[in-house]
Protein chains: 2
Amino acid sequence: MTTEPKPPASPLTERQEARRRRILQASALLAGRGGFDAVQMREVAETSNVALGTLYRYFPSKVHLLVATMEDQLQHLHETLRKRPPSEPQPSARVAETLMRAFRALQREPHLADAMVRALTFADRSVNHEVDTVSRLTTAIILDAVGLDGPPAPAQLSAVRVVAHTWHSALITWLSGRAPTDQVERDIRTACLLIDVTTADPGPGRPA
Amino acid sequence: MTTEPKPPASPLTERQEARRRRILQASALLAGRGGFDAVQMREVAETSNVALGTLYRYFPSKVHLLVATMEDQLQHLHETLRKRPPSEPQPSARVAETLMRAFRALQREPHLADAMVRALTFADRSVNHEVDTVSRLTTAIILDAVGLDGPPAPAQLSAVRVVAHTWHSALITWLSGRAPTDQVERDIRTACLLIDVTTADPGPGRPA
DNA sequence: ATCAAGTCTGTAACTTGTTCTAGATTAGCG
DNA sequence: CGCTAATCTAGAACAAGTTACAGACTTGAT
């Protein structure tokens with residue numbers, strides 16, 4: 001519980017890097033097939049040609065594995081977005097557009113999305129470090145879309161967090177089929193309004 | 001998977017009602033001790049003096065059980081709030097105050113909160129019906145706080161959903177210790193701003 | 001009171017995440 | 001090369017959710 005081997009912080013050898021990559025690949029593959037439940041540790045181990053014990057040395061639990069998978073995917077997304085940033089004039093519209101792109105990407109792999117998001121929200125304290133990383137990545141992506149000049153004000157950070165919260169939670173309701181895609185889109189756009197509110201107006205008051 | 005016995009829809013006998021109650025009580029008790037992990041089905045069964053098989057007849061999975069527990073607790077909250085509704089003038093302030101009260105209640109039983117919220121977000125499609133019920137309850141509580149005259153407009157419903165999303169997701173980050181209480185409070189208040197925005201303003205989202 | 005159907009109990013079995021262990025392999029180093 | 005520590009493998013073992021089943025108990029209708 002307290003002191004784990006962890007994915008060795010010391011630089012990985014080539015073979016180790018390759019193993020890690022194979023594991024993440026297998027994880028994404030299986031998740032893509034059947035979501036969270038389809039990612040079975042024994043099968044991940046087999047698919048990536050690694051012993052079960054080794055899998056657990058690299059990722060100390062199924063949730064760790066799936067959160068790491070999410071980190072991996074978000075990294076890709078972040079790079080893609082850097083290359084073709086949204087062009088809308090309003091900050092809120094840029095954020096909304098960014099999230100819509102992400103949403104469309106996820107719609108192509110709903111099972112994978114399911115596995116990653118469920119793992120993320122189910123994670124307990126032992127995964128805090130990894131979840132924080134994902135959280136920072138998400139925040140960075142949104143902040144990029146806002147496109148501020150200086151450092152963000154507290155109210156802006158709060159708005160960004162609300163957008164991220166809405167993003168995760170709305171995604172979950174969509175993934176379990178309790179909300180249609182257009183409701184998810186509407187809710188995300190609604191949350192994005194806060195970006196403008198807090199960007200234009202320092203305090204809570206009647207917006208123009 | 002498709003057609004199960006389920007908690008008998010036909011009216012329960014007295015003994016059955018009592019069993020159901022004992023089970024929910026045991027669930028809340030154990031959850032209050034150690035959160036999600038501490039709610040072990042064998043132990044719930046023992047504590048409520050019911051055979052394991054019976055427990056599963058009443059609640060077809062651990063998640064079903066915990067979501068039902070949440071429904072139970074929310075019902076209490078709803079009644080309490082009806083008796084002493086928030087008195088602030090601004091709708092957003094009333095919603096914020098309502099959620100702050102709920103937050104304080106949860107802070108008194110963080111483990112129970114953990115179990116319920118984790119179950120809720122981890123629930124898959126097989127629990128949709130129950131999750132929907134909880135979702136409607138949450139929406140109703142927030143709408144009560146808004147205190148509308150007529151039926152809510154789509155934009156208002158969207159705002160309410162964003163508030164609910166933020167509520168759940170922020171709660172999770174707080175429960176796993178990744179956000180301090182005051183950040184949760186700030187974020188909830190931020191989300192509540194949308195209540196005013198959409199109450200004053202017909203709403204953006206989609207053109208008309 | 002009696003019978004049939006449905007429910008409950010106790011218990012074992014099965015599934016999948018996780019841990020443990022003994023022996024092979026590998027990496028780094030003299 | 002030859003040694004030592006770390007890593008990896010295969011497989012057993014364990015834990016908790018879930019399912020299965022045989023027999024006892026209730027219930028409701030006759």
Side-chain angles (χ1 to χ4, degrees), chain A residues 1-23 26-27 30-31 34-67 115 118-119 122-124 126-127, chain B residues 1-23 26-27 30-31 33-68 115 118-119 122-124 126-127:
Chain A
M1 287 289 182
T2 47
T3 47
E4 322 79 14
K6 292 211 172 181
S10 47
L12 301 185
T13 75
E14 207 163 326
R15 292 167 62 91
Q16 285 175 327
E17 194 55 58
R19 266 190 211 104
R20 193 188 142 84
R21 198 121 299 284
R22 258 181 298 151
I23 293 173
S27 164
L30 294 176
F36 189 89
D37 293 331
V39 180
Q40 304 196 350
M41 297 305 267
R42 286 176 179 81
E43 207 169 347
V44 172
E46 244 182 272
T47 307
S48 49
N49 289 305
V50 138
L52 192 55
T54 306
L55 171 52
Y56 272 95
R57 172 188 285 276
Y58 281 74
F59 301 96
S61 81
K62 174 169 171 172
V63 170
H64 281 84
L65 171 58
L66 284 172
V67 172
R118 294 257 295 284
F122 188 60
D124 69 352
S126 71
V127 204
Chain B
M1 286 292 182
T2 47
T3 47
E4 269 99 40
K6 293 215 172 179
S10 46
L12 302 184
T13 75
E14 204 163 328
R15 292 168 60 93
Q16 287 174 327
E17 194 54 61
R19 267 190 210 104
R20 196 188 139 85
R21 198 119 302 284
R22 259 180 297 148
I23 293 173
S27 164
L30 293 176
R33 286 226 227 298
F36 189 89
D37 294 331
V39 180
Q40 305 197 350
M41 298 304 266
R42 287 176 178 83
E43 207 169 345
V44 172
E46 245 181 89
T47 307
S48 49
N49 289 306
V50 139
L52 193 54
T54 307
L55 172 52
Y56 274 95
R57 171 187 285 275
Y58 281 74
F59 302 96
S61 81
K62 175 169 171 173
V63 169
H64 281 84
L65 171 58
L66 284 172
V67 172
R118 293 257 294 283
F122 188 59
D124 70 352
S126 71
V127 203

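Keep in mind the model is a prediction, meaning the values are calculated, not measured. Sequence lines set the chain letters: A, B, ... in the order given, protein chains first and strands last, and positions in each chain run from 1. Side chains included, hydrogens not; waters and symmetry mates left out as well; all remaining heavy atoms used.
Side chains of B/K62 and B/V44 form no contact here, defined as non-hydrogen atoms less than 4.5 Å apart.
Rounded to whole angstrom, the span from the CD atom of A/E43 across to the C1' atom of C/dG17 amounts to 14 Å. What separates CZ of A/R57 from P of C/dC20 is a distance of 13 Å, to the nearest Å. As rounded to whole Å, 12 Å separates atom C1' of C/dG17 from atom CG of A/L65. Distance, A/L55 CG to D/dT7 P: 16 Å, rounded to whole Å.
Residues passing the ring pair (Phe, Tyr, Trp, His ring centres under 6.0 Å) test with B/F122, sequence neighbours excluded: A/F36, A/F122. Scored by the side chain to side chain donor-acceptor pair (under 3.5 Å) test, B/S126 finds B/D124 as partners (sequence neighbours excluded). Scanning for side-chain contact (heavy atoms from CB on, under 4.5 Å) contacts around A/E43 gives A/L30, A/Q40, A/T47, with sequence neighbours left out. With sequence neighbours excluded, no residue satisfies side chain to side chain donor-acceptor pair (under 3.5 Å) with A/T54. A/S48 meets the side chain to side chain donor-acceptor pair (under 3.5 Å) test with no other residue; sequence neighbours excluded.
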Across nucleotides 16-30 of chain D, 5' to 3', mark each nucleotide with B, S or - according to how protein heavy atoms within less than 4.0 Å reach it.
BBBB-------S---
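Contact annotation: A/Q16 side-chain N/O to C/dT26 OP1/OP2 distance is not under 4.0 Å.
For A/Y58, taking side-chain heavy atoms from C-beta onward, the closest of the listed nucleotides D/dC8, C/dC8, C/dT9 is D/dC8. Comparing D/dA10, C/dT9, D/dT7 by their nearest atom to the side chain of A/A51 picks out D/dA10.
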